[in-house]
Amino acid sequence: MSAAPSVEPVPSATDLIDTIEATWPAAEVVERGGWRLRRGEGGGQRVSAALRLDPGADVDEAAAAMRGWGQRPLFQLLDGDDDLDRALAERGYVVTDRSPFYVCPTVTLLDDAPETARILRGDLRIALIEEIWAQGGLSPARLQVMDRVTVPKQYILARLGDRPAGVAFVGVHGDIGMVHAVEVLAHQRRKGMARMLMAAAARFAAERGARQFALATTGQNIAANALYQALGMALTARYHYRAAPDEGGKAEWLKKRRA
């Protein structure tokens with residue numbers, strides 16, 4: 001009798017946070033007073049939010065530190081942070097985005113479906129990739145986030161015929177690969193481009209020894225959530241943000257919430 005196939009352990013929320021920080025890093029991270037404080041330099045909410053490490057950490061101290069960086073105070077809350085959520089709500093902090101983590105064994109995405117597009121993978125970001133991201137609203141500050149990644153990473157470009165179709169960015173931290181910034185040009189959608197980009201990202205992750213593959217998206221992106229579920233990825237954890245009441249003009253990263 002053959003042995004039953006092994007079941008990979010599902011990464012914890014802490015594992016996923018560690019992976020997202022390695023594959024989409026802040027400009028600076030400081031652990032102080034029971035908080036992990038991130039300086040984002042305009043790179044989005046993920047790299048600009050404070051994460052609580054100690055249940056007794058003081059909210060106002062963290063907010064003051066973020067203001068000292070010129071950032072609007074922003075907190076990332078995981079499942080179970082109910083007391084912190086209430087404390088921030090009482091201070092008038094507003095929920096900005098609710099974000100699920102999707103995870104699956106990397107092999108789940110390595111199907112044998114034929115590729116109708118040409119997939120190009122590389123360690124350098126070429127101008128065409130930047131142009132596609134720019135059309136999708138990805139800011140230059142987010143490109144700088146990718147430049148800061150020190151773990152194995154790769155840029156992926158899909159071409160359909162002689163025309164560009166979509167791009168993605170993937171990094172690997174330990175046993176987990178994580179994809180970011182999947183973007184398919186509007187006129188190339190509904191042609192399987194996103195699936196092929198995901199498969200290419202998973203292939204890179206597998207080559208670097210990652211047995212699990214993950215991503216974080218926004219709950220408001222209905223189409224993306226449906227795609228990831230259709231690909232066999234499971235929602236395993238959630239987080240959301242609370243931002244301080246508007247203090248005289250929203251920061252650029254909050255105007256363009258593209259996590």
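Residues take their numbers from the sequence shown, with the count starting at 1. The figures that follow rest on heavy atoms only: side chains count, while hydrogens, waters and symmetry mates do not. A quick note: this is a predicted structure, and the numbers were derived from the prediction, not measured.
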pair Phe204-Pro152: side-chain heavy atoms closer than 4.5 Å: yes
Separation of Gln154 CD from Glu207 CD (nearest 0.5 Å): 7.0 Å
Shortest non-hydrogen contact between Lys191 and Met196, atoms and distance: O-CE, 3.9 Å
Minimum heavy-atom distance between Phe169 and Thr23, given as atom pair plus value: CE2-O, 3.6 Å
Derivation of the side chain to side chain contact (heavy atoms under 4.5 Å, CB included) call for Glu31 and Leu53: CA-CA 9 Å; Glu31 293 194 0; Leu53 304 177; 3.6 Å; yes
Hphob cluster co-occupancy, Val94 + Leu88, side-chain heavy atoms under 4.5 angstrom: no
Interatomic distance, Ile176 atom CD1 to Thr19 atom OG1 [nearest 0.5 angstrom]: 3.5 Å
Non-hydrogen atoms of Lys153 and Val149 that approach each other most closely: NZ-O, 3.5 Å
Verify same cluster id: Met198, Leu235 (apolar side-chain graph, 4.5 Å): yes
Distance (rounded to the nearest 0.5 Å) between Arg91 CZ and Asp60 CG: 4.5 Å
Sub-4.5 Å side-chain heavy-atom contact between Thr108 and Leu231: no
Exercise: do Gln188 and Arg163 side chains pair donor with acceptor under 3.5 Å: no
Closest non-hydrogen atom pair between Gly219 and Asn225, with its separation: O-ND2, 3.8 Å
Non-hydrogen side-chain atoms of Arg203 and Ile119 separated by less than 4.5 Å: no
Exam field: side chain Arg67 to backbone Pro73, donor-acceptor pair closer than 3.5 Å: no
Side-chain donor or acceptor of Asp81 paired with backbone N/O of Leu78 under 3.5 Å: yes
Single-linkage hydrophobic cluster, 4.5 Å side-chain cutoff, Ile17 and Val10 together: no
Separation between CD of Gln212 and CE of Met233, rounded to the nearest 0.5 Å: 9.0 Å
Heavy-atom check, side chain of Val179 versus side chain of Phe213, under 4.5 Å: yes
Hydrophobic cluster membership, Val95 vs Tyr241, 4.5 Å side-chain cutoff: no
Donor-acceptor under 3.5 Å (Thr106 side chain, Ala206 main chain): no
Derivation of the side chain to side chain contact (heavy atoms under 4.5 Å, CB included) call for Arg208 and Val151: CA-CA 10 Å; Arg208 296 304 187 277; Val151 298; over 6 Å; no
Joint cluster assignment, Leu120 & Ile132, ILVMFWY side-chain distance < 4.5 Å: yes
CE-CH2 distance between Met146 and Trp24, expressed to the nearest 0.5 angstrom: 3.5 Å
Parallel, tilted or perpendicular: ring planes of Tyr239 versus Phe101, cut at 30 and 60 degrees: tilted
Main-chain N/O of Val184 paired to Arg189 side chain as donor or acceptor, under 3.5 Å: yes
Glu130 side chain near Arg125 side chain, heavy-atom distance below 4.5 Å: yes
Side chain to side chain contact (heavy atoms under 4.5 Å, CB included) between Met193 and Leu185, intermediate numbers included: CA-CA 9 Å; Met193 294 299 106; Leu185 291 171; over 6 Å; no
Over all atoms of both residues, closest heavy-atom pair of Ala13 and Ala237: CB-CB, 4.1 Å
Check: Asp58 side chain, Glu61 main-chain N or O, donor-acceptor pair, under 3.5 Å: yes
Tyr102 side chain reached by Gln229 side chain, heavy atoms, under 4.5 Å: yes
Enclosure of Arg32 CZ (heavy-atom neighbours >12, cutoff 6.0 Å): no
Residue pair Val182 / Leu215, side-chain heavy-atom distance below 4.5 Å: no
Side chain to side chain contact (heavy atoms under 4.5 Å, CB included) evaluation trace for Leu74 with Arg72: CA-CA 6 Å; Leu74 177 74; Arg72 184 181 183 185; over 6 Å; no
Side chain Asp97, main chain Ser99, donor-acceptor under 3.5 Å: no
Under 3.5 Å donor-acceptor, Glu41 side chain and Val145 backbone: no
Glu183 CD to Ile156 CD1 distance, which is reported to the nearest 0.5 Å: 14.0 Å
Arg38 backbone acceptor or donor facing Gln71 side chain under 3.5 Å: yes
Side-chain (Asp15) to main-chain (Ser12) donor-acceptor, under 3.5 angstrom: yes
N-O pairing of Arg52 and Asp83 below 4.0 Å: yes
Heavy-atom closest contact (Cys104 atom, Leu109 atom, distance): SG-CG, 3.9 Å
Parallel, tilted or perpendicular: ring planes of Phe75 versus Tyr93, cut at 30 and 60 degrees: perpendicular
Test item: Arg142 and Trp133 side chains (from C-beta on) under 4.5 Å apart, heavy atoms: no
